[in-house]
Each structure stands twice: as C-alpha cells, then as structure tokens.
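Sequence positions, counted from 1, serve as the residue numbers for this chain. Everything numeric in this text was worked out from a predicted model, so none of it was measured.
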Amino acid sequence: LFIQTAFLGDVVLATSGLEAWHREHPEDEVHVLVRKPMDGLFEGHPWLTKVWAWDKRPRVKGKDWRRLIRGVRKERYDVVVNLHRHASSGILTALSMAPIRVGFSNNPLAWRFTHRIPHRWGDGTHETHRIAALLEGFVDGELCRPALHPLPQHIEEARQVGAEGKVLIMP
C-alpha cells in the first residue's frame, strides 16, 4: 500500500514510486490510498489493484478515517509506504500492522515505522528523489518518471475541450 493523501501535484509525483515498485516487483498486488477526489486519477489503471479514497471534508473526515483504518487492517498488507509526512497518515501506517512500514523520519509517528529516512527539504532535492530514497532497498534506486494511465475516453475528453497538446501525458 502506498499512501499519499496530499493534493494533486504530490499524488502525481507519488506515481514515480508506484512505477518503480511495479517495475521491480511486477507480480505484487499494489494498492494506493489518496485523498478524494484524487482517486479519479487512477480510474482504469492497468496494474493498480485497489484505490482507497479518503474523504477529508471536515464533516466526514474522522468517520471516513476510521473506515480506512478498519479496511487497511483487514487487508493485512506486507508493506505500507507512507509518502506523506503528517500525523494522520502516520497513524494509519502504524495501525496497518504491516510487518514493513516505510516513511519519512519527520512524521510524528515515525517511531512506529520499521524503515525511515530523513525528509530533505529546501536543498533542491526533487520529490521524486525523496520517494526514490524511501524505496531504497526495495527497488534498485533508479528513478521512474511519474506516470498517469488515462483511459481512451479521458484522452478524447481532453481533445474535445482543446487541451490536446497542452496536457502532459507521459507514455
């Protein structure tokens, strides 16, 4: 399970870790947990098995978070990779009970992670390099580009609104 419950740019950049993991472990069942409505980015994804969506709107955030904790624990993940640095995702990672819990050392719950690395910030390190550092030891370290896998109808919708050629889609 990969967790990134921030906003659009962070979720897109997180796909570099998903791509690296899949390249190295193509037989693994890979799930992702993102903030709603970012789950739509993964609609029809060719090898992603499950997408969890956390509704963080104020009136439902806590109730939905409890649903996610129960669901994630039932999945019995072997590995949880937390790409987010905040307490809520740290608690979710810790309560997953996965034997391997990977995340950044500045997460308030990092003491519950089995593997943690410093989150370098302000030194010019790109987010994809931070993600690659988190996955060191699990993948060969070679960076993968972030990638979305849009369905044909999404590409057609972009064409119809005149966004063709203006939206970056990496093959």
Side-chain angles (χ1 to χ4, degrees), residues 1-117 119 127-128 130-139 144-151 153-154:
L1 173 66
F2 282 80
I3 300 173
Q4 177 47 284
T5 61
F7 294 101
L8 178 61
D10 295 307
V11 172
V12 170
L13 292 172
T15 65
S16 66
L18 298 169
E19 295 291 325
W21 191 279
H22 179 68
R23 180 195 64 222
E24 199 77 19
H25 308 283
E27 72 289 347
D28 284 0
E29 188 174 308
V30 179
H31 297 187
V32 67
L33 189 155
V34 295
R35 167 191 215 115
K36 198 171 196 54
M38 303 311 151
D39 53 324
L41 294 172
F42 300 102
E43 182 182 333
H45 194 287
W47 49 261
L48 200 58
T49 310
K50 185 170 188 165
V51 179
W52 295 88
W54 182 7
D55 190 340
K56 285 186 154 183
R57 291 177 300 166
R59 292 186 179 175
V60 294
K61 182 178 180 177
K63 182 179 178 182
D64 204 43
W65 188 67
R66 289 187 295 277
R67 172 192 64 87
L68 287 171
I69 290 172
R70 285 190 304 274
V72 165
R73 288 186 82 161
K74 280 184 183 178
E75 288 287 341
R76 297 179 181 261
Y77 289 107
D78 295 316
V79 179
V80 173
V81 179
N82 186 347
L83 304 171
H84 203 226
R85 299 178 322 276
H86 299 281
S88 56
S89 62
I91 293 167
L92 187 58
T93 302
L95 293 178
S96 73
M97 305 307 286
I100 299 172
R101 297 175 305 279
V102 182
F104 292 110
S105 59
N106 61 339
N107 186 297
L109 271 287
W111 62 276
R112 293 289 313 268
F113 299 168
T114 59
H115 299 74
R116 53 195 163 276
I117 65 144
H119 185 272
E127 184 67 12
T128 57
R130 286 190 280 272
I131 292 167
L134 263 184
L135 298 178
E136 209 169 282
F138 300 98
V139 299
C144 282
R145 288 182 169 181
L148 297 176
H149 300 271
L151 294 171
Q153 66 259 28
H154 298 135

**Student:** Would you mind writing out the side-chain donor-acceptor pairs for residues 36-49 within the sub-3.5 Å range, not counting sequence neighbours?
**Tutor:**
unit_1 : atom_1 : unit_2 : atom_2 : d
H45    : ND1    : W47    : N      : 3.3
H45    : ND1    : L48    : N      : 3.1

**Student:** Under the ring pair (Phe, Tyr, Trp, His ring centres under 6.0 Å) test, which residues partner H25, sequence neighbours left out?
**Tutor:** W21
**Student:** Applying ring pair (Phe, Tyr, Trp, His ring centres under 6.0 Å), which residue pairs with at least one partner in residues 78-102 are found, sequence neighbours left out?
**Tutor:** H84-H86
**Student:** According to side chain to side chain contact (heavy atoms under 4.5 Å, CB included), who are the partners of L1, at least two apart in sequence or on a separate chain?
**Tutor:** I3, H31, L33, W52, V72, Y77, V80
**Student:** Kindly give the heavy-atom pair with the smallest separation between A14 and I131, and that separation in Å.
**Tutor:** CA-CD1, 3.7 Å
**Student:** Can you list everything that forms a salt bridge (Lys or Arg N to Asp or Glu O under 4.0 Å) with D28? Sequence neighbours excluded, please.
**Tutor:** none
**Student:** After noting the C-alpha distance and the side-chain angles of F2 and L135, does the key distance pass the side chain to side chain contact (heavy atoms under 4.5 Å, CB included) rule?
**Tutor:** CA-CA 11 Å; F2 282 80; L135 298 178; 4.1 Å; yes
**Student:** Does R130 have any side chain to side chain donor-acceptor pair (under 3.5 Å) partners at least two apart in sequence or in another chain, and if so, which?
**Tutor:** H119, E127
**Student:** Which heavy atom in P146 sits nearest to a heavy atom in T128, and how many Å separate them?
**Tutor:** CG-CG2, 4.0 Å
**Student:** With rounding to the nearest 0.5 Å, note down the distance linking CD1 in I69 to CG in L95.
**Tutor:** 5.0 Å
**Student:** With sequence neighbours left out, what residues match R70 under side chain to side chain contact (heavy atoms under 4.5 Å, CB included)?
**Tutor:** R66, R67
**Student:** Among residues two or more places apart or on two chains, list those pairs meeting side chain to side chain donor-acceptor pair (under 3.5 Å) that have a residue in residues 9-20.
**Tutor:** E19-H149
**Student:** Using modelled atom types and a 3.5 Å cut-off, is there a donor and acceptor pairing between side-chain atoms of E24 and backbone atoms of P26?
**Tutor:** no
**Student:** Looking at residues at least two apart in the chain, or sitting in another chain, which of them share a salt bridge (Lys or Arg N to Asp or Glu O under 4.0 Å) with R57?
**Tutor:** D55
**Student:** With sequence neighbours excluded, give me every side chain to side chain donor-acceptor pair (under 3.5 Å) pair touching residues 93-115.
**Tutor:** N82-T93
**Student:** Kindly compute the distance separating OG (S89) from CH2 (W54), expressed to the nearest 0.5 Å.
**Tutor:** 7.5 Å
**Student:** With sequence neighbours excluded, what pairs up with K56 under the side chain to side chain donor-acceptor pair (under 3.5 Å) test?
**Tutor:** T5
**Student:** To the nearest 0.5 Å, tell me how far F104 CZ sits from L109 CG.
**Tutor:** 15.5 Å
**Student:** Using the salt bridge (Lys or Arg N to Asp or Glu O under 4.0 Å) rule, collect all pairs that involve residues 71-95, keeping only residues at least two apart or in two chains.
**Tutor:** K50-E75
